[in-house]
Amino acid sequence: MSRRTDNTKAIFVFWCVLSTAFSVPSSSPTPQALEDELYTTRRTAKVVIDLPGAKSKLPLSVVNFELKSTTTMSSESTTTQRTSATERPLYRLDGSNGRACILLEVDALIAVKYRTTSGEDQEASIYVPNDATVTGNCESENTATMSLKWNAFMLLWSFAKTPGGERWYVEKIELTYNSSDRHFEHIDQPGKTVRVSTAQKHSSMLFPTPVGKSYACEGETKIALTDGKNHATVFLRDMKLQPFKFKNNNFATEFSCTSLSARGFRDETAPVAVGSTFAAAVLLTITGYAAYRYFKVKKVKYDTME
């Protein structure tokens, strides 16, 4: 009986010792446990720091995208405006070989005068559009034509060469239009086909240029058109023109309208008149001298016979 009691006491003591040993870590943390606890704290802190950082990146990305989009749109808008401000319409007529035979680059405006039903004089302004239909004929060696057609309008250019073939020039510019077009508000005579041109000046030569060169003129050139009753004006701005082409599809060397030669050949009326007068004077002188010699010799022979 005493032995059993001693065993029971020994077990109780052993249990107390074990309980004490296992309860020590809970009240006094070991270094390893402390390190684990610190490591866990650092990870938690890192996560807390990363989350705001991730959120802050989203607005920055959106701002950058907006800035990039704004810059791109601004650049495209500027390019479009610059192109429309500097680009001039190019009208081209091809020959039977498929190459350009007439090239016209110009910003053209037509001003047509008309009278309204109330008796007032008005002026309609019509721009020659970029997409005007180009037709014509350039098969002849010394003459060519090109027409620009759009809506109720047609602008005809007639080209020719001088008799020696050294220069080409514009022989005639003619505008044909229908008076019922929307540009002529309250016109007094609608439904008529009107044709005005430069044909009134038969001896004039427009834009005479050496063959093989292109005529170029910056600024604005005014060409008056009329049929004696109706009047219009063609404004040609920053023009470059060349008919009778055969080598390539580009303009040849420019012949500027500001040169002395260009100004000297704009109108051939004076040279033709002077030349004609001089020829007539020479002819009269020769005729008079011949008549004088005839009658003088005849008189001498008559006196000798007597």
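It should be emphasised that the depicted structure is a prediction, and the values quoted were computed from it without experimental measurement.
Between the T117 side chain and the D188 main chain, no donor and acceptor come within less than 3.5 Å of each other. Judged by distance alone, the side chain of D107 and the main-chain N or O of R88 form no donor-acceptor pair under 3.5 Å. With S158 contributing its side chain and E171 its backbone, the two residues share no donor-acceptor pair below 3.5 Å. At least one donor-acceptor pair closer than 3.5 Å links the side chain of D238 to the backbone N or O of G219. Between the side chain of T162 and the main chain of R167, a donor-acceptor pair closer than 3.5 Å is present. Remark: side-chain polar atoms of K240 are not paired, donor with acceptor, to backbone N or O of E254 under 3.5 angstrom. With hydrogens and angles ignored, the 3.5 Å screen pairs no side-chain donor or acceptor of R195 with any backbone N or O of E174. With hydrogens and angles disregarded, no donor-acceptor distance shorter than 3.5 Å links the side chain of T209 to the backbone of S214.
Linking ILVMFWY residues whenever their side-chain heavy atoms come closer than 4.5 Å, directly or via other members, leaves L156 and L109 in distinct clusters. Residues V128 and V194 fall within the same hydrophobic cluster, defined by Ile, Leu, Val, Met, Phe, Trp and Tyr side chains chained together at heavy-atom separations under 4.5 Å. Hydrophobic clustering keeps F251 apart from F159 (ILVMFWY residues linked when any side-chain heavy atoms are closer than 4.5 Å, directly or through intermediates). Hydrophobic cluster membership is shared by I126 and W157, with clusters built from Ile, Leu, Val, Met, Phe, Trp and Tyr side chains linked at under 4.5 angstrom. Both F153 and I223 belong to a common hydrophobic cluster when Ile, Leu, Val, Met, Phe, Trp and Tyr are linked at side-chain heavy-atom distances under 4.5 angstrom.
Of the inter-residue distances, the one linking H231 atom NE2 with D121 atom CG reads 10.0 Å to the nearest 0.5 angstrom. Here T233 contributes atom OG1 and E123 contributes atom CD; the two are 6.5 Å apart, rounded to the nearest 0.5 Å. Remark: K192 NZ to N230 CG distance equals 8.5 Å, nearest 0.5 Å. The distance from the CG atom of L206 to the NZ atom of K172 is 12.0 Å, given to the nearest 0.5 Å. Note that SG of C217 and CZ of R237 are 13.5 Å apart. Values are rounded to the nearest 0.5 Å. Annotation: the span from K222 atom NZ to L236 atom CG amounts to 12.0 Å, rounded to 0.5 Å.
Below 30°, between 30° and 60°, or above 60°: for Y215 and W168 the angle between ring planes is above 60°, a perpendicular geometry. Using bins of under 30°, 30° to 60° and over 60° for the plane-to-plane angle, the ring pair Y114/F184 lands in the perpendicular bin.
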What verdict does the side-chain contact (heavy atoms from CB on, under 4.5 Å) test give for H186 and E120, after you've listed the backbone C-alpha separation in whole Å, the side-chain angles of each residue and the deciding distance to 0.1 Å? CA-CA 10 Å; H186 310 295; E120 297 180 354; over 6 Å; no
Does L175 form a side-chain contact (heavy atoms from CB on, under 4.5 Å) with V234? I'd like the steps, not just the answer. CA-CA 9 Å; L175 173 67; V234 180; 5.6 Å; no
Give the intermediate values and the outcome of side-chain contact (heavy atoms from CB on, under 4.5 Å) for residues N249 and R92. CA-CA 9 Å; N249 297 327; R92 166 179 165 176; 3.5 Å; yes
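Of all heavy-atom pairs between M239 and L104, the closest is CG-CD1, 4.0 Å. The two residues F244 and F246 make their nearest non-hydrogen contact at O-CD2, 3.9 Å. Taking every heavy atom of both residues into account, G95 and C101 meet most closely at N-SG, 3.8 Å. When all heavy atoms are compared, the tightest approach of K213 to A252 is CA-CB, 4.2 Å. Closest heavy-atom contact between N250 and L103: C-CD1, 3.8 Å. Here the shortest heavy-atom pairing between N137 and L93 reads N-CD2, 3.8 Å.
For the pair Y91/V106, a side-chain contact is recorded, criterion being any heavy-atom separation below 4.5 Å from C-beta on. Looking at heavy atoms from C-beta onward, L148 lies in side-chain contact with V134 at the 4.5 angstrom threshold. Between N248 and R99 there is no side-chain heavy-atom pair separated by less than 4.5 Å. A heavy-atom distance below 4.5 Å is not found between the side chains of Y177 and I110.
Residues forming a side chain to side chain contact (heavy atoms under 4.5 Å, CB included) with N151 (at least two apart in sequence, or on another chain): none.
Residue-environment remark: CD (E220) exceeds the threshold of 12 foreign heavy atoms within 6.0 Å. Crowding of E185 atom CD: a count of heavy atoms from other residues, nucleotides or ligands under 6.0 Å not exceeding 12.
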